[in-house]
Structure formats: C-alpha cells, structure tokens
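Chain identifiers are assigned alphabetically (A, B, ...) following the order of the sequence lines, protein sequences preceding nucleic acid strands; residue numbering begins at 1 within each chain. It should be emphasised that the depicted structure is a prediction, and the values quoted were computed from it without experimental measurement.
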There are 4 protein chains.
Amino acid sequence: MAEKITKRHADPALAEARRGQILIAAADCFRRKGYHGAGMAEISKTAEMSAGHIYNYFASKEAIIEAIIERDMEEMFSIFQQFEDHPDDLVSVMTEGADEGVEHSMDKEQGALQLEMLAEAARNPKVAFLLQQSDTHARDKMRRLLTGERSLIKDVTDKELDGRINVLFAMFGGLLLRTTLYPELQKDTILLALKPALRTLLMPF
Amino acid sequence: MAEKITKRHADPALAEARRGQILIAAADCFRRKGYHGAGMAEISKTAEMSAGHIYNYFASKEAIIEAIIERDMEEMFSIFQQFEDHPDDLVSVMTEGADEGVEHSMDKEQGALQLEMLAEAARNPKVAFLLQQSDTHARDKMRRLLTGERSLIKDVTDKELDGRINVLFAMFGGLLLRTTLYPELQKDTILLALKPALRTLLMPF
Amino acid sequence: MAEKITKRHADPALAEARRGQILIAAADCFRRKGYHGAGMAEISKTAEMSAGHIYNYFASKEAIIEAIIERDMEEMFSIFQQFEDHPDDLVSVMTEGADEGVEHSMDKEQGALQLEMLAEAARNPKVAFLLQQSDTHARDKMRRLLTGERSLIKDVTDKELDGRINVLFAMFGGLLLRTTLYPELQKDTILLALKPALRTLLMPF
Amino acid sequence: MAEKITKRHADPALAEARRGQILIAAADCFRRKGYHGAGMAEISKTAEMSAGHIYNYFASKEAIIEAIIERDMEEMFSIFQQFEDHPDDLVSVMTEGADEGVEHSMDKEQGALQLEMLAEAARNPKVAFLLQQSDTHARDKMRRLLTGERSLIKDVTDKELDGRINVLFAMFGGLLLRTTLYPELQKDTILLALKPALRTLLMPF
DNA sequence: GATGAATGAGGGTTCATTCAT
DNA sequence: GATGAATGAACCCTCATTCAT
C-alpha cells in the first residue's frame, strides 16, 4: 500500500498539475477535518475531480498524506538553505531569522495540518518514518550550521550539541501547540522571550 | 452532541465508578490506537462492560474524549501546586523540577494521546475550548508563580511575562513532538540544553 | 482473510440460526447472480438482515462461499455413507443408486451454484483447496467401496482404479454441464445409457 | 446490451483484424483471471490498444465474451469434421480419437475459460443461448455419425441414442471438472477407464 | 482511427449507536 | 443495571464506460 503510482501518463505536465490539485485539496480537507475526518468524496469535490480519478494519481488516501509530507519536507529544506547561504554571524542570522520562523510556526492553518500528521505518525509507521526522516535531515542541517566556522559553539560535545538542537526544535515546534491552545497569542509577544532563549542556545553556557 | 448525559442513576456512587472505568479504558485505547483508531468495541472490552452500556454514561464517543480532557486538567493543576508550595527560590525549584517535567513530556504513550487531543481540537470546538481553558488555567498559575515574592522577574511587563510563559510552555510542549520525531532522544541530552534555556527564561534578560 | 469468525455469541443457538439464514440466502443469490454478481446488499436483503450484521457471523463474503462449500461437503459425505451401509452387491447398489445420483446432478439450481464454485476455484486458491479436499475425500470413499469384499474389481491396479473412479466422477459431474447446455434433457434418457456405462466401470474390462 | 456493434468502419479488413486482436487478448485474460477478474484495462493492454478503442468494436465487456463463444463454436465444428471424414469403423476412430479429446478437455487454461462461460450461462441468457446452440450442433453432428453406415448402433431408438450421446458428452465435459478438482490427474490414467466406457456407449448394450 | 483522462455508480466492509430483552 | 444483536450510513476503492481531443 501507499506506493507511488506507476501509471504512465501521456501528458506529464497535466499529470503533475492534477497531482498538485489533489495535494492542495487534500491538505485543505485534512486541515479542516483531520485525516480520518476527511473523506475521499470531500477531497474529490474540493479538487474538482471525481473520486475515482484521484486514484489515477495516488494509490490510496494514505499515499496522499505521504506526498503532502514529502512536499512539505522539500519546502523546509529550502528554508534552511537560506541560513547556510547567509554571510553574517550565526547568532545574528538566526535571531533575526527567528522572526520568520515564528511566523511560520504560528500559521494556524499549517499548524493544524502538522499536528494532524504528527498524530497520524503515532499509529501509521510509514507516516512516522517520513516525518522522522525529515526531522533527521533538519537536525543534520542544523548540526552543520552550528559546527561551522561562524558558530560560537562549534566545539561543544556531540551530546550537548544534540541537546541544544533538540531544545531549539522543541521550542519552535511547541509554537504549533501554543497557537492551538492560545489562539490570541501574538508573534511579537513570543519573540520578546524567544530571542533571548535562542541566544542562550547558540552561545556557550 | 457531546452533552453530559442527563440520565438519572439510581446509585450515583456506582455510576461514578463506571464512568471512571470507562475513562481509564478509553484513555488506554486512545493512547494505543488513537481517537479514530480505537473502536467502541475495544473500549468496551477494555472497560469490561458492554458497548451499549457505555451509552448509559456517555452520550457519544466524543463525550468520552471530552471527559478525559477534563479529568487530565484536574491532574495537571495538582502538579503546579507543588511548585507553589515549595519554599526554595523559584529558579532552583523549576530547574530541578524540569527533570520531572521533561520525563512527563517525553512519555511516549502519554504523548500520543495528547497529540491526538490537540489534533482533535483543531476541528472540534468543544475539545478546543476545554484544552484552551486548561491552558489558560496553567498560564495563570504560572503567572502567579512568576510574579510572586520568590521570583526574580516579578517586575517585568505583562507582555514580556506572557512571552516568557508561552516560550516556556512551548519548550516543554515541543518535547511531545521531539519524542515522536526522534524516538531515540534521551532525557539527559535534553536537560543539558534545556536547563540553561529555562534559566534564561526565569531571570531578567 | 476468510477465517472463521471468532466472536463469542451469547446465544449459540441463535447464532447458528443466523449463520444458516445467511448461508441459505447467499447460496440463493450466488445461484441467481453468481458469486461476483451477487452483492452483500442483495444477500443481506434476502437474509432479512442488515449487511453489517452479516459480518458478525462471517468475516467476509469469501468466508461465506467457503462455508457453503463446507456445508455441501458434509451433505455429500452422508450420501456416500448410504452405499457403504448397503448390504447388496456393489454393482446393483450403484446402478440403482445412479437414479438418485443423476437426479441430484441434474438439479438445475444446485448445478448453477456448483458451477459457480468451480469457476471461482480457478482463481481463488482457498476455494480450490476446499473443493479439492472435498473431492479427495469422495475419491477415498469410493476407492474403499471398490476395493471392498463386495466389489468385482477389488484386485485391479491402483492406477486403473484411479482411472475408473475419475471417469465415474467425470460422468456424473458432467451431468451438471449437460443440464446447462441442454435443459430439456430428461433423467430417464440419461439413465438409459448411463447404467450400462456405469456397469462397465464397475466390472472387470 | 451486448448487441453486435453497428458502427460503420471505413476499412472493414482492419476492423476485423482489430476484433480478432481483442478476442484473442480477452480470451487470454479471461483464462488467467476469469471473466469478472479480468478488467478492461488489462484486456486493452494485452490487445495493445486503448481501452476506449475497444468500444469501437464491441458494445460492452459482455459482448466480448459472447463473441469468444461464437468463435469457439466454429473451432469445435471443424474437429467433428475429422471424424466424419475418417474411413475406419467408428468405434476404432473414436476410441483412438479419445486420446486427443481427453487432452483437449484436460487443458487447464482452456478449462477455466469454459467453466467461466458455463457459469456465466446460468445467469446470462444470451450466453446460455449461444452455448446451447453450440451444444445442439455438436449433438447433431454426433447423431449423424452414430446413425451412419459405419456405426454399430445405427438402429437404436432416438431416445436411447440421445441418452448415449449425452452420457458421452457428460463424460468428456466432466473431465473439465476433474482437472479443477484433482489437478494431479494424468491423461493416461483417465484413458485406461475411459476407453472401455466409450466402447460400451458406442456398441449395442 | 485512436487515445487515455475522466466519470460515478456500486463494490465489500466498518463502526458508532440503538433498543428489545 | 446491563447485554449484545442489530442497524445503516459512511468509509475507501474499483472499474466499465464515455468523450473531448
């Protein structure tokens, strides 16, 4: 199950467009109703396409959420690339980048979908694998940044580094939950306290 | 839907015991299979009670998860009380208490259920309301702690305080996600970086 | 798939009655529409029971046809028992029994169902296995009869015996097809030629 | 449904070639997967032609199996012709021809398709009609053979003759079933017993 | 003539919920 | 109070068929 569909399409551009249509529609439905709550009927209506036709592009509903995850992974990687390419010192880059990071983490629509995927991971091994793979890549990227020349903590032990990265990720990831639990929370309020904590995590203790 | 059942029970004590049985069983099932993955049949078997009988105590499956949340809220409040009652200075108390907090946040079984509930909140207003209420109470408790005599930051602005609390909560809450995304992560690794960050959040910047 | 359902039923007698209801209804539908042509909806309507309820007694549609086969096997064994218990010489017994055998083989309703099951066996290994098992038992029974004291051919080689039995079975089994291909065919017409052929197969060549 | 398509084709020869392509491909698929098991997609791939195009030659999937039957009928007639043209006495010819007949009847691939068609006949009147028509022709041919000069039973009553023919056909037809029910069965084993039975049916009792 | 994208009814199955006992 | 037999709507998915190109 959940394998990428192998069917040959005469017009690959059209096929890719249809896949995109479906992914966007499905992500929207999952956001609003959850993975289990959203039916193929609703997804197909949102995608303006018959339910049956979706199966010409995805082998199953499960394959759809997996594709959404994979697409999100690619997005995330491009964000990290920005940090890597930036010339300034890391603490400045990241505290300033925090602004954008917080905004992203506090996007309600996005957050609901992410939570949905995380919850699904708890019982769907394939989803769990994909998310973990994505997270491993992200940690690797971050580790490379923090051990680079521009980093103030390039000499800490591996274990401490792992701890710093995970707390960092927990902090940003946790914003997903804050948005759900405290919808009135403002970005600048968060930044007031997050930047100092971030600095602590990027400098020697 | 999901209203508290209004049925009169001849023996209120027995009724309460039955409700407890059901909640424990359901929480267990939800933990293992997720809200959607656990069926009433399994819950009823775990609760050693017929499926039909559960409906004498809860109007629907949804009402059950709501009751679980309500029960969890009560538990959480008692934890906070510990901090309030403790005589030492707050930074010490909390950095030492972090140990227990991390352990709690990284409990995988518990985490799956929490994620489930948070995901459900994104689309179920009643669940969202309950969780938000719970979170508001928690923030209030924390605010009271941080503005108490023993606090080093009792004079910061309300806004900054709100920021600190939310980042604090995000950090711990985010550990839920870390466990799902990086199952091999160890508690002591986290603590290595979390304690300094925690200190930063509890002291003037 | 297709395993016997393991659910415990509070009232085994009722459960057995329901299973019977379902088997009778399903056999009827399969006869009229074929295994693939008959839907669970139609079966459930014929059985005067909701579609969902059928799944409390059978794990799948496939399990139903398997149960029908098993039930038929038991019926068939009881017929063979008659021959075994009969005191007269075998040729007489069987040529006289042919009457009943032909009638049974030419029952149109029954025949359609048998054909359906045989066709299904060509692509469903479990069905094939059950039918082959049934046939093996039948051949064993027949072999025992033909090597018994009362048999005129008790001393032929195993291979010849196997040949005789299989031609015998082919002849009767083939009547199933005759009924479909030539519905006007009468039983007594068949018997006119079948009895001599039968005698040939039961006596030394 | 299932009427012969009325569409005019610009190039009748090409059209006939395409029809042939489709019939061969479909027969192959039906053999391997059964009528219901084989999809139009698979048939179209086997026929190296788009699914939609098939509908330019056949009105429906049903029309295809009907055309296959019609084609098979024509094949069968040519086999009978062999007997009619042969100079030797009938008993010799047919007992020797039995060899080939048994081989043909025991071809597993072919058998599956035949069974499929017979099962379909039980519920599809058009299929039933075609098969019956085919069978009637075959019986006529056989009757002509058995009442010819070379026959030893040219003087039996019509009814007895009908009985003999039908038992004969049942015996060969029944081999189809034997192959499904007892796949290890060998041709020579069958012939050991079939030839004497055959002789009985071709000679005065 | 030929394609394959697109449809949508219907397939088997699950499961929260009801109710007679 | 307690059971579990029974319901039926909704689930995901398949496939014969159509039609714009």
Q.
dA2(E), OP1 or OP2 - any side-chain N/O from Y57(D) closer than 4.0 Å?
A. yes
Q) Should stems be defined as at least three consecutive Watson-Crick or G-U pairs with both distances under 3.5 angstrom, which of them involve DNA chain F? A) E:2-21 with F:2-21
Q) Between dA5(E) and H9(A), is there an OP1 or OP2 to side-chain N/O distance shorter than 4.0 Å? A) yes
Q) When you measure from the side chain of S60(A), which nucleotide among dC13(F), dT3(E), dA6(E) comes out closest? A) dC13(F)
Q: Can you tell me the distance, in whole Å, between the CD1 atom of I64(D) and the P atom of dA16(F)?
A: 10 Å
**Q.** Test side-chain contact (heavy atoms from CB on, under 4.5 Å) applied to E66(B) and N124(B), step by step
**A.** CA-CA 10 Å; E66(B) 290 167 9; N124(B) 181 332; 4.2 Å; yes
(Q) Applying side chain to side chain donor-acceptor pair (under 3.5 Å), can you list everything that pairs with R71(A), at least two apart in sequence or on another chain? (A) none
Q. Could you state the NE2-P distance from H53(A) to dT18(F), rounded to the nearest angstrom?
A. 18 Å
Q | Integer-rounded Å distance: dG1(F) P and E16(B) CD | A | 13 Å
Q.
Does any part of the side chain of L131(D), heavy atoms only, come nearer than 4.5 Å to the side chain of T180(C), both counted from C-beta?
A. no
Q: Starting at atom CD of E62(A), determine the distance to atom P of dC11(F), rounded to an integer number of angstrom.
A: 18 Å
Q: Identify which nucleotide among dT13(E), dT7(F), dT3(E) has an atom closest to any side-chain atom of N56(D), counting heavy atoms from C-beta outward.
A: dT3(E)
Q.
Classify the ring geometry of H9(B) against Y57(B): parallel below 30°, tilted from 30° to 60°, perpendicular beyond 60°.
A. parallel
Q: Take atom CD1 of I22(D) and atom C1' of dA2(E), then tell me their distance rounded to the nearest Å.
A: 12 Å
Q: List in numerical order all residues of residues 30-52 of chain A for which some heavy atom is under 4.0 Å away from an atom belonging to DNA chain E.
A: M49(A), S50(A), G52(A)
Q: Could you pull out all residues at least two apart from E120(C) that satisfy side chain to side chain donor-acceptor pair (under 3.5 Å)?
A: H36(C), R123(C)
Q) Side chains of F30(A) and M117(A): closer than 4.5 Å at any heavy-atom pair? A) no
**Q.** Atom-pair distance (CD1 on I54(A); P on dT7(E)), nearest Å
**A.** 10 Å
Q. Considering only side-chain heavy atoms of L14(B), which listed nucleotide, dG1(F), dA5(E), dG1(E), is closest?
A. dG1(F)
Q) Can you check whether Y55(A) has a side-chain N or O nearer than 4.0 Å to OP1 or OP2 of dT14(F)? A) no
Q: Side-chain contact test, heavy atoms from C-beta onward, threshold under 4.5 Å: evaluate it for R18(B) versus L14(B) and give yes or no.
A: yes
Q. For R31(C), what residues pass the side chain to side chain donor-acceptor pair (under 3.5 Å) criterion, not counting sequence neighbours?
A. none
Q | Inter- and intrachain pairs under salt bridge (Lys or Arg N to Asp or Glu O under 4.0 Å), touching residues 34-46 of chain D, at least two apart | A | R32(D)-E42(D), K33(D)-E42(D)
**Q.** Most 5' of K61(D) and R18(B) on DNA chain F, judged by nearest nucleotide
**A.** R18(B)
Q. Rounded to the Å, how far apart are F58(B) CZ and dT18(E) P?
A. 15 Å
